[in-house]
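One structure is given here, and the rest of the page talks about it.
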Amino acid sequence: VSNIAILTQILALQEHCKGYLKPDDYIEALSLFLALGAASPTTLAQIASLRDQPEECQTYFFAQLEYLKSIDPAKPWEAGCLAGVPGPVMGMLAHVINKQVNLIPQYAETARHYYVKNFHRRSRPDLILQKYLQVLIGNVQGKSLLDSHCGLALKTELFSPALLVLNEANPTLGRISHRLLIAQGIDVIFCKQDYLIAACTPESQSPIIDGVVLETHALQQTKLFDIAIVEPPTRPLLQNDQLDILAAEFPFLSPPPAELPSTASTSLWIQQTLRQLNDKGIAYVIVSNGWLSRGGYDAVVRTALISSAHVDSVISLEDSPSSTDSKSILVLSKQPIDLKQITFLNESSAINRALDHVAMDDFVGDLFKPPEAAPSDPNCVVVTAEAILTKQDEGNRVANLLAQHYLPSAQQTADHFSTPQDELDELARIEERAKAAQQKLNALIKKHQP
Amino acid sequence: MTQIQDTTLILGDIADIFMGATVSVYSKSPLKGEPQVRLITAATLDNCGNIDKNRLIPVWQHKHNTTHFIAQTNDILVLARGNIRATVIDEDIANEQILSSANFAIIRPTSRNCDSTYIAELFNSAKSLERLGLVFGSRIPSLRAADLRRLKIPALNTDKHAAIAELAHARHEAYTATLALAEQQYRVASSVVEQIIWGEQ
């Protein structure tokens with residue numbers, strides 16, 4: 001069955017639900033029935049058979065959801081938007097899906113594409129950043145991956161990791177993703193724990209760390225992941241009750257200051273991420289440029305990270321450090337870096353070119369070609385950790401990791417690639433072009449002058 | 001001797017004319033999940049009516065049906081306040097998803113008689129603005145969409161349309177090429193001055 005046929009069916013079902021479910025609620029409801037069909041086909045068949053008895057259908061449906069929730073509380077079996085939907089509509093949804101149980105994975109994949117395109121529209125910079133991250137992490141087959149707050153939850157067809165833990169900030173997106181992944185038969189753990197508070201909770205002492213333990217304890221475990229992609233939220237600020245727990249229990253990389261600031265969330269996220277990496281783990285942390293050069297507690301954490309040689313590289317995504325919403329990628333390695341050197345990369349041009357260079361790869365999906373750095377590329381600068389720690393810049397900023405501080409400016413980069421002879425050749429070429437354009441204009445003026 | 005046109009056209013009969021998007025249509029702060037477009041403002045147009053792409057402002061559209069404010073190929077955007085000038089949207093610019101701000105009137109051709117380059121030239125020429133009765137003396141003018149819909153413009157034949165388009169294109173090419181030449185000469189001369197001061201690096 002083609003994807004277009006499936007999409008037509010999904011849209012036809014949406015038309016039937018009109019008046020009972022809003023368009024985005026419809027996808028949430030559909031995802032629930034698809035997940036139900038994959039996890040408990042007999043329940044779905046029973047709901048479908050009761051579609052002519054509305055009250056019994058509703059009662060049975062909600063009772064089954066309660067039952068499923070009681071045996072597996074970590075799974076997304078909340079009724080949510082379906083609470084006020086009449087029995088016949090539920091029965092109709094169940095009936096249509098029950099008729100095509102073998103197509104549930106295909107339905108789930110098509111529903112995900114439909115949702116991403118129409119309801120979860122990502123901005124162009126977000127889209128580019130996500131594509132770039134997928135290139136950075138590469139093939140994750142057989143590895144354990146944590147994706148926290150990066151919105152990659154809906155792109156899992158690109159992964160086939162041994163363990164995939166997702167921590168999505170948006171609860172609706174999290175629910176829909178989780179249900180569709182269940183429907184597709186992809187084994188994934190969605191964490192609902194608070195990422196920072198989880199670090200303050202003791203690890204599970206269970207001798208066997210299986211799926212059940214991980215569903216509730218994944219963010220508490222240390223040394224669990226090979227790869228982590230995280231984007232710490234900068235808002236809202238940490239509340240007083242959170243700060244009390246964090247100041248008392250958080251496994252700090254270096255001793256905490258007398259009073260933990262309410263703006264410390266990025267610094268704490270980075271420490272928690274490092275704690276969750278296994279001995280050869282790599283973390284890609286999307287941080288604001290402000291964090292890379294700010295003083296106070298953030299500078300203390302940066303100094304600790306550099307001193308213990310955990311910082312592998314800093315990837316700048318924009319030329320100008322002052323542009324709004326500018327972000328960089330901080331690459332951390334759990335294993336201390338041998339040479340104690342940090343690489344600063346300017347990938348702004350690679351990022352900007354990204355969508356123009358999308359290449360289809362049969363194995364990993366759509367990707368843009370990975371940026372290739374030449375050995376003498378001015379966009380790649382290596383600085384020793386010692387130089388970063390001892391050198392304070394004009395703003396008296398300690399342990400400044402802002403890549404633009406070390407990278408050449410756009411003008412210097414342009415100069416690097418051109419010699420005086422190139423400039424003269426360019427002058428001759430432009431002169432030729434200007435002369436031809438002026439001659440053509442003069443001829444036309446003469447031709448058309450009344 | 002001034003040649004008097006014997007036939008005229010009403011601009012509103014050959015094009016859709018409306019003002020650009022007000023601030024309620026877009027946000028300058030990122031809206032998660034909403035499409036990003038680029039806002040054209042008075043500062044984006046140089047004095048010759050050319051668009052400086054670097055001065056387009058990224059904005060995010062609210063959930064309104066606002067697609068008609070996005071510039072299409074052959075649209076004429078007329079800066080309706082202050083120093084009146086106009087630009088024609090070509091295919092390259094149309095791909096940039098340009099949102100016109102409320103200071104612009106959008107003239108969208110609906111008839112083959114509406115030649116975009118010719119219409120834009122009417123607004124880029126001080127003499128034409130005066131002859132059309134859009135500017136009087138030294139007051140700072142302000143155009144409304146209704147004024148433009150009623151505007152009577154000379155009806156020209158296709159030869160004249162072609163001549164205007166040819167000249168406007170060649171003028172633009174010569175202007176930008178000469179400007180680029182001046183900039184490159186300045187750069188090379190500055191580089192030689194630096195070498196005199198600091199020697200060859």
Side-chain angles (χ1 to χ4, degrees), chain A residues 23-24 115-128 151 154 169-170 172-173 233 319-320 323-327 355-356 411-412 414-416 418-450, chain B residues 1-3 27-38 53-54 57-63 95-97 121 156 159-196 199-201:
Chain A
D24 43 350
Y115 181 76
V116 169
K117 197 170 174 200
N118 295 286
F119 301 102
H120 179 57
R121 285 177 294 168
R122 289 168 291 182
S123 68
R124 189 182 155 93
D126 270 0
L127 201 66
I128 295 174
L154 285 159
N170 177 340
T172 310
L173 186 60
D319 277 329
S320 161
S323 63
T324 52
D325 295 324
S326 43
K327 294 170 182 171
L355 286 188
D356 302 330
Q411 183 58 48
Q412 286 168 322
D415 290 348
H416 174 89
S418 67
T419 62
Q421 189 53 46
D422 290 337
E423 289 288 303
L424 283 173
D425 292 347
E426 179 72 356
L427 179 63
R429 198 182 59 77
I430 293 176
E431 201 170 359
E432 192 70 25
R433 200 180 128 217
K435 207 168 147 187
Q438 284 169 353
Q439 278 174 353
K440 187 180 172 189
L441 179 62
N442 286 336
L444 283 171
I445 290 170
K446 279 182 191 153
K447 179 183 163 191
H448 292 298
Q449 208 161 29
Chain B
M1 198 178 86
T2 311
Q3 192 184 347
S27 159
K28 287 189 178 175
S29 314
L31 298 174
K32 201 151 179 94
E34 294 301 325
Q36 193 197 45
V37 292
R38 302 172 80 191
K53 280 191 192 176
N54 296 325
I57 303 165
V59 293
W60 284 259
Q61 275 183 284
H62 285 302
K63 276 184 184 167
N95 288 335
E96 297 278 333
Q97 294 283 298
E121 285 303 317
L156 303 186
D159 287 348
K160 285 187 176 175
H161 281 164
I164 291 170
E166 198 175 30
L167 266 167
H169 180 70
R171 183 185 61 190
H172 176 70
E173 288 288 306
Y175 179 79
T176 49
T178 310
L179 214 59
L181 173 63
E183 281 171 3
Q184 183 66 13
Q185 280 172 332
Y186 193 95
R187 201 175 298 128
V188 172
S190 302
S191 166
V192 174
V193 168
E194 281 169 4
Q195 281 175 26
I196 292 169
E200 281 202 48
Q201 294 287 313

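These numbers were taken from a predicted model, which means no experiment stands behind them. Residue numbers begin at 1 in each chain, while the letters A, B, ... track the order of the sequences.
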Would the number of heavy atoms belonging to other residues, nucleotides or ligands and lying under 6.0 Å from CD of B:Gln185 be above 12?
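Enclosed: over 12 neighbouring heavy atoms sit under 6.0 Å from CD of B:Gln185.
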If I take atom CZ from residue A:Arg429 and atom CD from residue B:Gln184, how far apart are they, to the nearest 0.5 angstrom?
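Spacing of CZ (A:Arg429) from CD (B:Gln184) equals 8.5 Å.
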So, for A:Arg433 and B:Thr176, which heavy atoms are closest and what is the spacing to 0.1 Å?
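Scanning both residues, the minimum pair turns out to be NH2-OG1, 4.3 Å.
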Work out which heavy atom in B:Ala180 is nearest to a heavy atom in A:Ile430; give both atom names and the distance.
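Result for this residue pair: C-CG2, 3.8 Å.
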I'd like a table of donor-acceptor pairs (distance under 3.5 Å, sequence neighbours excluded) in which one partner is a side-chain atom from residues 435-450 of chain A, with atom names and distances.
from: A:Gln438; atom 1: NE2; to: B:Thr178; atom 2: OG1; distance (Å): 2.8
from: A:Asn442; atom 1: ND2; to: A:Gln438; atom 2: O; distance (Å): 3.4
from: A:His448; atom 1: NE2; to: B:Glu166; atom 2: OE1; distance (Å): 2.9

For B:Glu194, enumerate each residue passing the side-chain contact (heavy atoms from CB on, under 4.5 Å) test, keeping only those at least two apart in sequence or located in another chain.
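With neighbours one apart ignored, the set is empty.
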